[in-house]
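Step one of this worksheet: look at the structure below.
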Amino acid sequence: MIPTFQKVLNRAVLSCRAAPSNPNPVWGAVAERGYKGMPTHGIGKWRHLLLKVAPKKKKDKLQIKPISAATETAYGTLNVMVSGFDMTLVEHYSQYIHNLCNRLGIKVAESYALPTKSVEVMVMQDQGTKMYVDAVLKTHERVVQLSSLDAALCPVFMDVVLKNQPEGVKLVVNEHTEAEYQARFKGRPELEGLLAQMNQ
């Protein structure tokens with residue numbers, strides 16, 4: 001009885017050894033990666049699908065646009081300046097002027113904001129010489145720049161703009177000059193001081 005059992009066991013061991021072993025068993029897939037050394041032929045590469053982007057150019061220094069001169073039938077470059085303490089009113093009124101120009105067929109060259117100016121209101125005490133800050137008023141300015149405004153259309157445009165001017169908003173229309181172009185940029189006194197020292 002025992003020898004036959006031994007024979008059966010030996011045959012089972014021999015049959016296990018003779019059976020071809022699976023190179024990639026399911027339970028061994030985590031430990032062994034048989035595909036690691038196999039060629040992929042570029043499968044999974046995607047960079048060639050992207051469009052080639054040109055390198056970014058350095059921004060040139062902002063140049064002043066040529067100021068158009070007035071003719072017999074049209075004005076030159078005009079600045080419609082809107083200013084006030086309430087930023088929302090100033091912004092909405094400048095948008096209204098811009099939309100009105102688009103409806104009347106007036107060419108708007110540019111529309112931009114000027115740097116905000118702050119003014120401190122000082123108050124002196126009844127009995128004493130010391131002053132203290134009571135309030136800080138911020139003035140917001142917006143400019144709608146018009147080019148070649150027709151002289152016949154100008155009175156109609158100004159009449160509509162003035163009739164819809166909200167309270168607390170100041171409106172000024174004047175010719176565009178190079179000084180007004182320079183006012184668009186914030187001054188940098190420390191940089192100007194260093195440039196003055198270098199030029200000496």
Leu146 and Phe157, any side-chain heavy atoms less than 4.5 Å apart: yes

Without placing hydrogens or testing angles, list every side-chain donor-acceptor pair under 3.5 Å for residues 134-144, not counting sequence neighbours.
unit_1 : atom_1 : unit_2 : atom_2 : d
Glu141 : OE1    : Lys117 : NZ     : 3.3
Arg142 : NE     : Glu91  : OE1    : 2.7
Arg142 : NH2    : Glu91  : OE1    : 3.2

Cys154 side, atom SG; Tyr75 side, atom OH - distance, nearest 0.5 Å: 4.5 Å

Note, Met158 side chain near Val173 side chain (heavy atom, < 4.5 Å): yes

4.5 Å side-chain heavy-atom contact, Tyr112 and Gln145: yes

Leu50 side chain near Lys52 side chain, heavy-atom distance below 4.5 Å: no

Pairs satisfying side-chain hydrogen bond (donor to acceptor under 3.5 Å, both in side chains), at least one member in residues 93-105, at least two apart: Tyr96-Asn164

His92 vs Thr88 side-chain heavy atoms within contact, under 4.5 Å: yes

Separation of Thr77 OG1 from Asn174 CG (nearest 0.5 Å): 11.5 Å

Heavy-atom closest pair, residues Leu171 and Gln165: N-NE2, 3.6 Å

Over all atoms of both residues, closest heavy-atom pair of Val108 and Cys101: CG2-CB, 3.6 Å

Heavy-atom side-chain proximity of Met122 to Val133 below 4.5 angstrom: yes

